[in-house]
2 protein chains.
Amino acid sequence: MMKHLLGIVLLATSCIAAAAAERRGTGDLGIVVERAVGAVQIIDTTQRRVLSRVTGLGDLSHASAVFSRDGRHAFVFGRDGGLSKIDLLTGSLVKRIVQAGNSIGGAISDDGRLVAVSNYKPGGVRFFDSESLEPVADIPAAYGVDNELSKVVGLVDAPGRRFLFTLYDAGEIWMAHYPSGGVPKITKFAHVGELPYDALITGDGRHYVAGLFGEDGLAHIDLWADKPVVRRILDHYGRGEEKLPVYKMPHLEGWARAGDRMFLPAVGRHELLVIDATTFAEIGRVAVHGQPIFAIARPDGRQVWVNFAHPLNDTIQVIDTQNLEIIHEFTPGKAALHMEFTPRGENVWISVRDADRVDIYDTQTFERLETLPMDKPSGIFFTARANRIGL
Amino acid sequence: MMKHLLGIVLLATSCIAAAAAERRGTGDLGIVVERAVGAVQIIDTTQRRVLSRVTGLGDLSHASAVFSRDGRHAFVFGRDGGLSKIDLLTGSLVKRIVQAGNSIGGAISDDGRLVAVSNYKPGGVRFFDSESLEPVADIPAAYGVDNELSKVVGLVDAPGRRFLFTLYDAGEIWMAHYPSGGVPKITKFAHVGELPYDALITGDGRHYVAGLFGEDGLAHIDLWADKPVVRRILDHYGRGEEKLPVYKMPHLEGWARAGDRMFLPAVGRHELLVIDATTFAEIGRVAVHGQPIFAIARPDGRQVWVNFAHPLNDTIQVIDTQNLEIIHEFTPGKAALHMEFTPRGENVWISVRDADRVDIYDTQTFERLETLPMDKPSGIFFTARANRIGL
């Protein structure tokens, strides 16, 4: 009898311990993509450590992620059409569907209910219920007289359950609006330019900008205009007449906003472009170490951190956004691919793929605070993204 | 024996259920202050409901709150010098200290480790470890030849473990810098103007602006300058020569930024001022329903929502920040005191004190989605604030 009572007491005690261990905030969580092995590491930015690892996520080349509005779940978009819902608290895969043959990137609606995925094959965007991952809607990217399906890229969310995306083959931008309980509506912008390959939306959800692989310049839409239209900005942005050798096209999501300026990686040149954030006119250039890939602002906008294309991808430069000087340069290691700032910017996490490491730096002192072993880490995504427009 | 085994199985089952119930994300949590009864309601912005209630928090007049960087804990600053740490997941009071005789407002460092409280009595700022609430540092606001202690107001955090605050009686602004593991440093700005009564810092941590009760104009510091100095902006901002009757001084934290403009409640006039966000010059005015108290931008900056001083405090107006038109006006009820937007702006929560209600609206359709009974609700604070600078 006593033995059984003791058993019950022990069980109750361990039960309380287990419950306490599982109960934690999610505002300081995130994931790091281990691309080669189809896994993600779940991390904690307060303790700066790994909490758990989730495997079996398929092909995670160019994988990205968005988060549920409570910060508990990550939705990971794989290259193989896989959409995986991960529970950050239990470190487990809740559900995985293969929703297309070949896909790239996704988004989540401002109310957190719709997850959207942009697909190369079949070309289009598919929408899923964020709770169940059940399909909700499908927009085939049919264009031209033959209704061919275009690859879709540059998918972002905008306020009011809106999504914008770009049809690579068609040279079009579409906006899908899914009012809660209302009738979906698609607005199409044609002839935006040749081969739009990537896009971004500004943090206020106002400006959508698509990069063009087939010609110079960028396509811009002011979504706050009474009648939004596409116009060309930065006419000379691109590979230019001479078609410069480009090791890797820069990521547009990397556009850094700092006050009334934006910083944009030049294509094929060792330069950042400084852009007026209101008119989108070029107002200056900054010479940098190599062909920039990402130029990312610290959340306060005081610094921009830049990484570079192969073979100069072992280096990071930090630029003061006010005097445009390079205030710091360091060499974390081969293939320093991705950077993610903590939400208030005191730290930055950097994946150093070829060194199988993620390094964490203090952005004031530039001191390395921690280094975490990972298997070929690439993208890093923190739950604070759930609270931001267009990420 | 079987009976005991059954007991163990039942216990284990309920244990699993309890653990599952307690495990949840914190990104969609928040608190509503019930001022008269010294309590807070813990709410969920996804389900739009109350989760639990924490009582025994003392005098919550003008109470405000900040959050731990994981979003699990709220730090509530009462008027009676009380500092309460609340666990949003368990709905319990972790610790409460009375750290001064009379206090107003607080802040948390960008790394989440230091909680600061601004005190009227004894005048100064006290710092506490966010884990333990043990005292870490104390800055008495001593000024003048007699080293009198000034009331402290307008306390905010800035990047790099910095805090700014204003000495009401002394007419000074101080910046305290607590480098992690380094030596604390205080920078003092004297003669900023008469009776600075409140202040704000912009969302990028760059501009600190203090309102003056004793004279017109505002004191401004550009913290990004090589040598930050105080200058006067908006010379005519204030009660003016005629000393207009002012029912309530507007809150400066309510300054709304929308793109390159800011919207500022006029003092004593039925107007909002439109300010250039770079130069801080006035560029226009908008006529509104009454003396504005808070003018708060929806997170995307497309709309500004305004509430008003007594006796016109039953009304809210919504202004389009682009064409400056009032696009919506409604009457939630007597004493519509506070508004808090969900982080991506799709909903707004409004406390209607005299109706003992919190109402939740869709910001696109202006439809009321939910109404929650509360006891004289005032301030509303969501965990997403943990990810923002200067809140």
Side-chain angles (χ1 to χ4, degrees), chain A residues 1 4-5 7-8 11-12 15-16 18-19 22-29 44-46 67-73 88-90 110-112 159-161 179-180 204-206 224 258-260 277-278 298-302 322 342-347 362 364-365 383-384 386-389, chain B residues 1 4-5 7-8 11-12 15-16 18-19 22-29 44-46 67-73 88-90 110-112 159-161 179-180 204-206 224 258-260 277-278 298-302 322 342-347 362 364-365 383-384 386-389:
Chain A
M1 177 66 189
H4 292 136
L5 271 182
I8 291 171
L11 188 61
C15 157
I16 289 163
E22 285 154 353
R23 210 193 278 139
R24 61 160 295 151
T26 51
D28 57 351
L29 300 183
D44 167 343
T45 66
T46 302
F67 295 92
S68 60
R69 71 191 297 290
D70 63 358
R72 176 171 181 170
H73 295 105
L88 303 180
L89 287 177
T90 59
D110 55 359
D111 67 354
R161 286 170 63 108
S180 181
D204 55 7
R206 175 172 183 171
W224 287 10
D260 47 3
T278 305
R298 196 173 68 177
D300 67 346
R302 185 64 202 270
Q322 295 311 290
T342 51
R344 293 214 269 166
E346 76 281 10
N347 293 166
D362 182 311
Q364 299 274 344
T365 63
T383 54
N387 294 331
R388 304 268 157 89
I389 293 164
Chain B
M1 176 70 190
H4 292 137
L5 271 182
I8 292 172
L11 187 63
C15 159
I16 289 162
E22 284 153 355
R23 211 192 280 136
R24 61 159 295 150
T26 51
D28 56 352
L29 300 183
D44 166 342
T45 66
T46 302
F67 295 91
S68 60
R69 71 191 298 289
D70 63 357
R72 175 170 182 171
H73 295 104
L88 303 180
L89 288 177
T90 59
D110 56 359
D111 66 355
R161 287 169 63 107
S180 182
D204 55 8
R206 175 171 183 171
W224 287 10
D260 47 3
T278 305
R298 197 172 68 177
D300 66 347
R302 185 65 202 270
Q322 296 310 293
T342 51
R344 292 214 271 166
E346 76 281 9
N347 294 167
D362 182 311
Q364 299 275 345
T365 63
T383 53
N387 294 331
R388 305 268 157 88
I389 293 163

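Because only heavy atoms are used, hydrogens play no part in the values below, and waters and symmetry mates are left out as well, while side chains stay in.
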Where on A:Asp111 is there a heavy atom nearer than 4.5 Å to chain B: the side chain, the backbone, both, or neither? both
Let's test your reading of the structure: which of B:Gln322, B:His73, B:Arg302 forms the most heavy-atom pairs below 4.5 Å with chain A? B:Arg302
Sort B:Asp260 into side chain, backbone, both or neither according to what part of it lies under 4.5 angstrom from a heavy atom of chain A. side chain
Which atoms form the tightest heavy-atom contact between B:Gly345 and B:Pro299, and what is the distance? CA-CD, 3.5 Å
Drop me the distance from A:Arg344's CZ to B:Asn387's CG, to the nearest 0.5 angstrom. 8.5 Å
Contact part of A:Thr383 toward chain B, heavy-atom cut-off under 4.5 Å: side chain, backbone, both or neither? neither
Let me confirm one number: the CD-CZ distance from A:Glu346 to B:Arg161, rounded to the nearest 0.5 Å. 10.0 Å
Identify the two heavy atoms, one from B:Ser68 and one from B:Ala386, that lie closest to each other, and give their separation to 0.1 Å. O-CB, 3.4 Å
Measure distances from A:Ala384 to the heavy atoms of chain B and classify the residue's part below 4.5 Å as side chain, backbone, both or neither. both
Of the listed residues (B:Gly112, B:Pro159, B:Gly71), which shares the most heavy-atom pairs with chain A below a 4.5 Å separation? B:Pro159
If I take atom CZ from residue B:Arg24 and atom CG from residue A:Leu89, how far apart are they, to the nearest 0.5 angstrom? 10.0 Å
Given heavy-atom pairs under 4.5 angstrom as the criterion, report whether the side chain, backbone, both or neither of A:Arg388 touches chain B. both
Would the distance check show the side chain of A:Asp300 and the main-chain N or O of B:Gly205 forming a donor-acceptor pair, the cut-off being under 3.5 Å? no
Interchain contact, A:Thr45 with chain B, by part (heavy-atom threshold 4.5 Å): both
Any side-chain donor near an acceptor of the partner, A:Thr46 and B:Arg69, under 3.5 Å: yes
Top of B:Thr342, B:Thr90, B:Asp204 for chain A proximity - count of heavy-atom pairs under 4.5 angstrom: B:Asp204
